[in-house]
Protein chains: 2
Amino acid sequence: MTTSPPGNGPGDLGDLGDLSGDELVRVLATLANPHRLRVVAALARERMYVSELARALGISRALLQVHLRKLEAAGLVTARVEVSQDGKAMKFYEVNRFAIELTPEAVEAAERTLTPPGDGPGGETKGSK
Amino acid sequence: MTTSPPGNGPGDLGDLGDLSGDELVRVLATLANPHRLRVVAALARERMYVSELARALGISRALLQVHLRKLEAAGLVTARVEVSQDGKAMKFYEVNRFAIELTPEAVEAAERTLTPPGDGPGGETKGSK
DNA sequence: GGCATGTGCTAACTTTTCTTGGCATGTGCA
DNA sequence: TGCACATGCCAAGAAAAGTTAGCACATGCC
């Protein structure tokens with residue numbers, strides 16, 4: 001559904017069908033934050049480099065970086081380092097196209113691919129501790 | 001877009017366009033949890049009462065109740081108390097139909113209706129209190 | 001050199017969310 | 001009466017997320 005051509009980047013998100021339940025949870029959790037929502041909105045209008053974005057949003061670089069990382073980890077944005085004419089290395093970010101449809105049916109489908117409860121980190125059946 | 005007829009219940013969610021940025025954040029945050037995703041999925045298949053749902057999901061009632069409350073607060077599910085033939089009061093839950101489309105454009109639109117930064121609880125710029 | 005701008009990182013604190021466990025109430029039934 | 005099952009609420013600890021503050025490094029320019 002998403003118009004992305006065959007050569008999909010590693011961070012590109014296709015339709016909801018492409019996302020496992022766990023990935024969906026991560027994407028939703030990532031988007032469920034005012035700061036990150038603003039970042040996505042700002043980048044949807046035009047790509048920007050970190051400091052520039054921080055100023056535009058009125059937040060510290062440190063804070064912005066944390067959010068940008070989560071957005072990147074969720075595959076919602078992509079970073080690209082470019083060296084400006086005056087030699088400064090700027091890190092530009094841009095949004096990845098994504099289209100997720102959220103409906104009870106979609107949720108039900110995603111749930112089927114969720115990692116079973118208590119099946120997380122260490123695993124418990126064996127003596128991890 | 002959602003098929004809900006005019007008489008929409010108070011908890012019904014229409015299209016994304018109907019949600020303010022803040023509401024969207026809440027809905028996403030609510031859905032961004034494995035337990036709650038499972039609850040929605042289970043209820044999408046068939047309505048169930050609390051204890052029954054807890055057994056089906058293999059979690060405690062106390063825990064389930066917390067999640068059900070958030071889901072209800074977000075308008076994703078609705079509770080209905082019914083007295084069974086043997087006099088027991090059962091609280092049935094069912095999912096509300098909702099359809100949210102998540103795309104960079106939709107996010108940008110939602111962002112415009114977000115409560116401005118640092119405009120939360122206390123409120124400082126104006127004298128709301 | 002000193003200042004401005006760009007980047008990155010981490011330790012530490014605060015706040016929020018998640019989860020558990022216990023306790024209380026009410027009804028039907030053997 | 002005592003057991004089974006339904007509901008509700010709350011205190012408290014554990015875990016995760018959000019933020020701040022400070023320091024480090026590089027480059028261009030007056």
Side-chain angles (χ1 to χ4, degrees), chain A residues 22 25-39 47-74 77 79-93 114-115 117-122 124 128-129, chain B residues 22 25-39 47-74 77-93 114-115 117-122:
Chain A
D22 300 294
V25 169
R26 175 177 298 180
V27 171
L28 295 183
T30 303
L31 250 20
N33 174 293
H35 282 323
R36 291 193 287 267
L37 214 56
R38 288 200 187 84
V39 169
R47 43 173 274 168
M48 288 192 257
Y49 57 92
V50 186
S51 295
E52 182 184 18
L53 224 195
R55 281 191 295 268
L57 300 178
I59 64 179
S60 71
R61 272 194 1 270
L63 178 56
L64 176 58
Q65 265 183 339
V66 175
H67 290 308
L68 280 174
R69 255 179 235 176
K70 291 202 172 185
L71 285 167
E72 191 169 18
V77 304
R80 203 184 306 278
V81 178
E82 286 176 34
V83 181
S84 63
Q85 298 185 310
D86 52 320
K88 302 262 181 66
M90 337 272 278
K91 195 167 190 179
F92 281 87
Y93 274 91
L114 267 180
T115 298
D119 208 59
E124 72 250 45
S128 62
K129 185 179 54 186
Chain B
D22 300 293
V25 169
R26 175 178 298 181
V27 171
L28 294 183
T30 303
L31 251 18
N33 174 293
H35 282 322
R36 291 193 286 266
L37 215 57
R38 288 200 186 85
V39 170
R47 43 173 272 167
M48 288 193 256
Y49 56 93
V50 186
S51 295
E52 181 185 17
L53 223 195
R55 281 192 295 268
L57 300 178
I59 63 178
S60 71
R61 270 189 8 265
L63 179 56
L64 176 59
Q65 265 184 340
V66 175
H67 290 309
L68 281 174
R69 256 179 232 178
K70 292 203 171 187
L71 286 167
E72 191 170 17
V77 304
T78 297
R80 201 185 307 275
V81 179
E82 286 176 33
V83 180
S84 63
Q85 297 185 310
D86 52 318
K88 302 263 182 67
M90 336 270 280
K91 195 168 191 180
F92 280 88
Y93 274 91
L114 265 181
T115 298
D119 209 59

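Owing to the predicted nature of the structure, the values given are computational and were not obtained by experimental measurement.
With a cut-off of 3.5 Å on both Watson-Crick or G-U wobble distances, the partner of C/dA12 is given as D/dT19. When both distances must be under 3.5 Å, the Watson-Crick or G-U wobble mate of D/dC30 is C/dG1.
In this structure, the nucleotide among D/dT20, D/dT7, C/dG8 sitting nearest to the side chain of A/Gln65 is C/dG8. Distance from the side chain of A/Ala62 is smallest for D/dA21 among the nucleotides D/dG18, D/dT7, D/dA21. Among the nucleotides D/dA6, D/dT20, C/dT20, the one closest to any side-chain atom of B/Ser60 is C/dT20. In the set C/dT19, C/dC18, D/dG8, the nucleotide with an atom closest to the side chain of B/Arg36 is C/dC18. When distances are taken from the side chain of A/Lys88 to each of D/dG18, C/dT20, D/dT27, the shortest belongs to D/dT27. With distances taken from any side-chain atom of B/Val50 to the nucleotides C/dT7, D/dG8, C/dG28, the minimum falls on D/dG8. Ranking C/dG8, D/dT7, D/dT20 by closeness to the B/Ser51 side chain, first place goes to D/dT7. The A/Met90 side chain lies nearest to C/dG6 when the options are D/dT7, C/dC9, C/dG6.
Here C/dC18 presents its C1' atom at 14 Å from CG of B/Leu71, a figure rounded to the nearest Å. A/Tyr49 has its OH atom 17 Å from the C1' atom of C/dG8, to the nearest Å. B/Arg69 places its CZ atom 7 Å from the C1' atom of D/dC9, with the value rounded to the nearest Å. The distance between atom CD of A/Glu82 and atom P of D/dA26, rounded to the nearest whole Å, is 22 Å. Look at CZ on A/Arg26: it is 10 Å from P on D/dA17, rounded to the nearest Å. The distance between atom CG of A/Leu63 and atom C1' of C/dT14, rounded to the nearest whole Å, is 14 Å. In this entry the distance linking CG of A/Leu53 with P of C/dT7 reads 10 Å, nearest Å. Between the CG atom of A/Leu37 and the P atom of D/dG18 there is a distance of 13 Å, given to the nearest Å.
Nearest approach of A/Ala74 to A/Val27, heavy atoms of both residues: O-CG2, 4.0 Å.
A close approach under 4.0 Å does occur between a side-chain nitrogen or oxygen of B/Lys70 and OP1 or OP2 of C/dC18. Regarding contacts with the backbone of C/dT5, every side-chain N or O of A/Arg55 stays at 4.0 angstrom or more from both OP1 and OP2. Phosphate proximity of D/dA17 to A/Asn33: absent, as no side-chain N or O sits under 4.0 Å from OP1 or OP2. For the OP1/OP2 pair of D/dA17 and a distance below 4.0 Å, the side-chain nitrogens and oxygens of A/His67 include no atom meeting the criterion. At C/dT5, none of the side-chain N or O atoms of A/Arg61 fall inside 4.0 Å of OP1 or OP2 (strictly under the cut-off).
When each of A/Val66 and A/Gln85 is assigned the nucleotide of DNA chain D with its nearest heavy atom, A/Val66 is the one assigned upstream, toward the 5' end. Along DNA chain D, the nucleotide nearest to A/His35 and the one nearest to A/Gly87 differ in position, and the one closer to the 5' end is contacted by A/His35.
Surrounding CZ of B/Arg47 are more than 12 heavy atoms belonging to other residues, nucleotides or ligands, all under 6.0 Å away.
In this structure the side chain of B/Asn33 never reaches within 4.5 angstrom of the side chain of A/Val25, judged on heavy atoms. You'll find the side chain of A/Glu72 reaches within 4.5 Å of the side chain of A/Tyr93, heavy atoms only.
Contact annotation for A/Ala89: backbone-only contact, meaning every heavy-atom pair under 4.0 Å involves sugar-phosphate atoms and none involves a base.
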Side-chain polar contacts of residues 57-69 of chain B - donor-acceptor pairs under 3.5 angstrom, sequence neighbours left out - could you list them?
residue	atom	partner	partner atom	Å
B/Ser60	OG	B/Leu63	N	3.2
B/His67	ND1	B/Arg36	NH1	3.0

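To the nearest 0.5 Å, atoms CG (B/Leu37) and OG1 (B/Thr30) are separated by 11.5 Å.
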